[in-house]
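Scroll down for the structure; my scribbles are underneath it.
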Number of protein chains: 2
Amino acid sequence: MSATIDFYFDFSSSYSYLALPGIAKLADDLDATFNWKPIVLGAIFQSMGHAPPDPDTAKGRYVWHDVERTADLAGLPYRWPKPFPFNGITASRIFWYLADSDLDRAAEWARAVFHASFGEGRDCSNPAVLGEVAAAMGQNADTLLAAAADGAVKAKLKDVTSEAMRRGVFGAPTFFVGDEMFWGGDRLGQLEQFVRGE
Amino acid sequence: MSATIDFYFDFSSSYSYLALPGIAKLADDLDATFNWKPIVLGAIFQSMGHAPPDPDTAKGRYVWHDVERTADLAGLPYRWPKPFPFNGITASRIFWYLADSDLDRAAEWARAVFHASFGEGRDCSNPAVLGEVAAAMGQNADTLLAAAADGAVKAKLKDVTSEAMRRGVFGAPTFFVGDEMFWGGDRLGQLEQFVRGE
């Protein structure tokens, strides 16, 4: 049993962070390879006329609580980053720079940024914070931050965001097994059933 | 271990139908009592400016597929009622008429309407179809359909819909354990954890 799963996410997506333990478990259980694919979800929302839930509505209040409760019941540390939502574009560009030479290193970067953002509540829109995350990984902070300004890296992030939109992505996290799409960490159980052919 | 769980739903809600096996299992596993509460979700959507997902959008297409896949993976019969969405107000009023004297009979009615709608694809906005569902339950169809026009029964459905909105309901199915709210059948696992105090 092995599978390749595309995993589209935005660094500012709480539910993407909350899906990480399920992803790690599934990678083991299915001997699956996850292709981590950060995108700019805000650009997709904008083109679709969507918006993140407004915290002053019934749905917004519920979603905020649901995020905290989901973390709590899973025993996962959770702190709202300030500001929230935040701009994850620099973190995403650095991911794609790293991915060009080392996919595992890029995934390690993604996990580290998620942990700093939602595990520790740090502001990962701030280059200084990203520099510290890079340094803690043993990476050269200046090199990574400079790479985020590179034209090819910027283009890659735009391309993957366009690719996601073409495939029907409208939220995060979103997973694909071939053309079969699953939206939300709470569909990982169905994804597993699907892969196992049950 | 026992618990009382309020269960708000709309007869036209696919995800409410899909939650029924999970509800039955939880009722057994937790020795829980579910208070079935049909509401007019359309009235809540209207007051909030929400709309059901448009099938011509990326999200709408995904949701349609997700409903079918969820039924398929659960081994649950599923047919889209025609029309869909449909007006569940008469079915809901009959529920509340039955609930006034016999809660179990009312829940049996709800399961029968859901099965006719989504298991068989029948049009449960049609009084003739509801009459057949009533007769198959051994109920007098004329009595039930006449009751749906009763002022007190109509008022009850409005009251419960208002109650749901006051408690923060914005979609269906929605569950409450005391004041703790859970939206969606895919949160029944968390609801169980919550009740067990895990």
Side-chain angles (χ1 to χ4, degrees), chain A residues 8 15 18-19 22 41 44-45 47-51 53-76 164-172 174-177 179-198, chain B residues 8 15 18-19 22 41 44-45 47-51 53-76 164-172 174-177 179-198:
Chain A
Y8 292 94
Y15 285 115
L18 295 173
L41 189 58
I44 294 180
F45 276 7
S47 92
M48 292 183 174
H50 290 192
D54 177 344
D56 289 330
T57 62
K59 184 168 184 174
R61 279 187 292 275
Y62 174 79
V63 167
W64 253 245
H65 180 60
D66 182 63
V67 163
E68 294 171 359
R69 186 175 59 201
T70 298
D72 189 40
L73 290 172
L76 199 62
M165 196 151 46
R166 269 198 313 278
R167 298 182 77 182
V169 170
F170 55 87
T174 295
F175 306 93
F176 284 88
V177 181
D179 288 333
E180 191 71 15
M181 172 172 154
F182 297 85
W183 171 48
D186 40 25
R187 285 293 179 270
L188 286 173
Q190 291 193 356
L191 186 153
E192 179 170 4
Q193 269 191 282
F194 180 85
V195 169
R196 292 187 188 278
E198 288 166 1
Chain B
Y8 293 94
Y15 285 116
L18 295 172
L41 189 60
I44 293 179
F45 276 8
S47 91
M48 290 181 174
H50 290 193
D54 178 344
D56 289 330
T57 62
K59 184 169 184 174
R61 278 187 292 274
Y62 173 78
V63 166
W64 254 246
H65 180 60
D66 182 63
V67 162
E68 294 171 359
R69 186 175 58 201
T70 298
D72 189 41
L73 291 172
L76 198 61
M165 198 152 44
R166 270 199 313 278
R167 298 181 78 181
V169 170
F170 57 86
T174 296
F175 306 92
F176 284 89
V177 180
D179 288 333
E180 192 72 15
M181 172 172 153
F182 298 84
W183 172 47
D186 40 23
R187 285 294 180 267
L188 286 173
Q190 290 193 356
L191 186 154
E192 179 171 3
Q193 269 190 281
F194 181 84
V195 169
R196 292 187 189 277
E198 284 164 4

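The sequence lines fix the lettering, A, B, ..., with proteins before strands; numbering per chain opens at 1.
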task = Return the minimal non-hydrogen interatomic distance between A:Gly168 and B:Ala58, and the atom names on each side.
result = O-CB, 3.7 Å
query = Which region of B:Arg187, side chain (C-beta onward) or backbone (N, CA, C, O), has a non-hydrogen atom less than 4.5 Å from a non-hydrogen atom of chain A, or is it both or neither?
reply = side chain
message = So for A:Met48, is it side chain, backbone, both, or neither that comes closer than 4.5 Å to the heavy atoms of chain B?
response = side chain
remark   = Shortest non-hydrogen pair, B:Met181 vs A:Tyr62, comes out as O-CE1, 3.2 Å
task = May I ask you to test the A:Thr70-B:Gln190 pair for a side-chain heavy-atom distance under 4.5 Å?
result = yes
query = Given the options B:Leu73, B:Asp186, B:Asp72, B:Val169, which has more heavy-atom pairs under 4.5 Å with chain A than any of the others?
reply = B:Leu73
key: Top contributor to chain B interface from A:His50, A:Arg61, A:His65 [non-hydrogen pairs under 4.5 Å]   = A:His65
request  = Establish, for the pair B:Arg69 and A:Phe182, whether the NZ or CZ atom is under 6.0 angstrom from the six-membered ring centre and no further than 45 degrees off its axis.
outcome  = yes
ask   = Taking only residues two or more places apart in sequence or in another chain, which ones pass ring pair (Phe, Tyr, Trp, His ring centres under 6.0 Å) with A:Tyr15?
value = none
